[in-house]
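Only one structure is covered here, and it is reproduced in the block below.
Because only heavy atoms are used, hydrogens play no part in the values below, and waters and symmetry mates are left out as well, while side chains stay in.
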Amino acid sequence: MSFFDVGETLVDETRRYEQWADWIGVPRLTFMGVLGGVIAAGRDYSEVFEVFRPGFDLDRERESLTAAHGPGITEGDLYPEVRQALSDLRRLGVWVGIVGNQPARTAAAIRQLGLAHDYLSTSEDWGLRKPDPAFFDRVAAIAPGPRDHILYVGDRVDNDVAPACRAKLRAGFVLRGPWAWLHRDSPEVALADFRIRSLDELPGLVAAENR
């Protein structure tokens with residue numbers, strides 16, 4: 001059984017962050033640089049907006065951005081191997097769930113893409129956000145099997161790998177996106193059962209493990 005995070009695990013978020021930079025009138029390089037600094041400091045990504053616009057209402061502005069530019073996830077935002085990798089896992093008989101720290105509308109956007117999956121939800125739907133232990137307890141309650149057979153795959157050590165392992169789940173760490181690269185030398189990376197650079201590595205690793 002497997003669960004997948006969304007941002008920088010299934011979805012390349014570059015386009016959306018570029019839209020945000022344009023939306024608030026900041027050069028894209030400047031926005032990305034400050035975002036990296038916020039991440040490196042261990043702060044929530046949303047604080048990048050406070051740097052440029054103190055008092056920034058992210059929820060309200062997200063609604064306006066979406067109205068202007070459409071859903072945050074389109075086919076072109078998927079990492080190129082994602083569709084095939086999820087399909088290959090299901091052909092191996094692996095149950096596939098998708099849930100991450102995302103607004104509720106993300107589930108509808110992903111559903112329209114037709115990715116192979118058995119379960120799909122978001123943190124907003126659940127009322128729980130990673131790394132809250134209750135989030136991973138919910139994962140364990142939904143998956144059709146015991147905790148030590150559930151693999152949670154994500155790009156963040158702090159939000160994905162470490163809390164999944166503390167919840168007695170297994171963990172996969174995908175090295176892509178700013179969080180993964182900044183935290184790749186964290187000792188907690190060693191907690192991951194699988195350390196990969198692309199999801200197309202996962203079906204073969206899971207098949208070998210099952211054997």
Side-chain angles (χ1 to χ4, degrees), residues 1-11 13 73 78-79 81-104 106-111 113-177 179-180 183-184 186-211:
M1 297 165 289
S2 60
F3 268 91
F4 290 86
D5 175 45
V6 178
E8 295 306 324
T9 299
L10 304 180
V11 173
E13 296 180 305
I73 299 174
L78 293 175
Y79 278 104
E81 85 289 356
V82 164
R83 186 175 296 281
Q84 187 65 52
L86 297 187
S87 295
D88 288 346
L89 285 169
R90 291 190 83 207
R91 276 193 287 273
L92 289 171
V94 177
W95 187 93
V96 173
I98 300 171
V99 64
N101 285 354
Q102 296 286 334
T106 296
I110 293 175
R111 193 170 287 113
L113 296 176
L115 295 178
H117 67 277
D118 297 284
Y119 180 84
L120 172 62
S121 193
T122 69
S123 59
E124 186 176 10
D125 287 328
W126 283 5
L128 297 167
R129 288 181 60 83
K130 296 178 295 182
D132 188 336
F135 180 99
F136 294 93
D137 287 341
R138 183 73 176 268
V139 165
I142 288 168
R147 284 178 183 251
D148 61 355
H149 287 197
I150 303 167
L151 177 70
Y152 191 90
V153 181
D155 65 296
R156 291 182 60 167
V157 174
D158 55 346
N159 262 19
D160 301 319
V161 173
C165 291
R166 286 195 294 268
K168 308 303 181 185
L169 310 180
R170 306 187 72 183
F173 174 64
V174 58
L175 180 59
R176 62 182 172 205
W179 283 269
H183 299 159
R184 70 189 184 281
S186 165
E188 291 182 314
V189 170
L191 295 171
D193 296 271
F194 301 117
R195 292 176 289 280
I196 59 178
R197 287 178 177 263
S198 174
L199 295 187
D200 56 11
E201 300 173 47
L202 199 55
L205 291 170
V206 169
E209 178 87 357
N210 288 343
R211 286 196 296 269

Please give me the minimum heavy-atom distance between [X] and [Y], naming the atom from each residue.
{"X": "Asp158", "Y": "Pro163", "answer": "O-CD, 3.2 Å"}
{"X": "Glu8", "Y": "Asp155", "answer": "CB-OD2, 3.5 Å"}
{"X": "Met1", "Y": "Pro146", "answer": "CE-O, 3.7 Å"}
{"X": "Ser123", "Y": "Gln102", "answer": "OG-N, 3.0 Å"}
{"X": "Ala192", "Y": "Val161", "answer": "N-CG1, 3.9 Å"}
{"X": "Thr9", "Y": "Leu199", "answer": "O-CD1, 3.7 Å"}

Distance, nearest 0.5 Å, that separates [atom1] of [X] from [atom2] of [Y]:
{"X": "Leu128", "Y": "Thr122", "atom1": "CG", "atom2": "OG1", "value": "10.5 Å"}
{"X": "Arg129", "Y": "Glu124", "atom1": "CZ", "atom2": "CD", "value": "9.5 Å"}
{"X": "Thr106", "Y": "Arg111", "atom1": "OG1", "atom2": "CZ", "value": "11.0 Å"}
{"X": "Leu151", "Y": "Phe3", "atom1": "CG", "atom2": "CZ", "value": "11.0 Å"}
{"X": "Arg138", "Y": "Asp125", "atom1": "CZ", "atom2": "CG", "value": "9.0 Å"}
{"X": "Leu202", "Y": "Ile196", "atom1": "CG", "atom2": "CD1", "value": "5.0 Å"}

Would you check, one step at a time, whether the test side-chain contact (heavy atoms from CB on, under 4.5 Å) holds for Val6 with Ile73? CA-CA 10 Å; Val6 178; Ile73 299 174; 4.0 Å; yes
Is there a side-chain contact between [X] and [Y] in this structure, where contact means two heavy atoms from C-beta onward sitting under 4.5 Å apart?
{"X": "Arg90", "Y": "Leu86", "answer": "no"}
{"X": "Leu115", "Y": "Phe4", "answer": "no"}
{"X": "Asp160", "Y": "Lys130", "answer": "yes"}
{"X": "Val153", "Y": "Phe194", "answer": "no"}
{"X": "Trp126", "Y": "Ile142", "answer": "yes"}
{"X": "Pro131", "Y": "Asn159", "answer": "yes"}
{"X": "Arg156", "Y": "Asp5", "answer": "no"}
{"X": "Glu188", "Y": "Arg166", "answer": "yes"}

What do the steps show when you test Lys168 against Asp137 for salt bridge (charged side-chain N to carboxylate O under 4.0 Å, His left out), and what is the final call?
-> CA-CA 9 Å; Lys168 308 303 181 185; Asp137 287 341; over 6 Å; no
Do the side chains of Arg176 and Glu201 get close enough for a salt bridge, i.e. N-O under 4.0 angstrom?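 No salt bridge links Arg176 with Glu201.
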If the threshold is 4.0 Å, N to carboxylate O, is there a salt bridge linking Arg91 and Asp88?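 Yes, Arg91 and Asp88 are salt-bridged.
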Short question: side chain of [X], backbone of [Y] - any donor-acceptor pair under 3.5 Å?
{"X": "Ser2", "Y": "Trp95", "answer": "yes"}
{"X": "Arg184", "Y": "Leu175", "answer": "no"}
{"X": "Asp118", "Y": "Val96", "answer": "yes"}

- Parallel, tilted or perpendicular: rings of Tyr152 and Phe136 (30°, 60°):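 Correct class here is perpendicular.
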Pair Val99, Leu120 - check side-chain contact (heavy atoms from CB on, under 4.5 Å), show working. CA-CA 6 Å; Val99 64; Leu120 172 62; over 6 Å; no
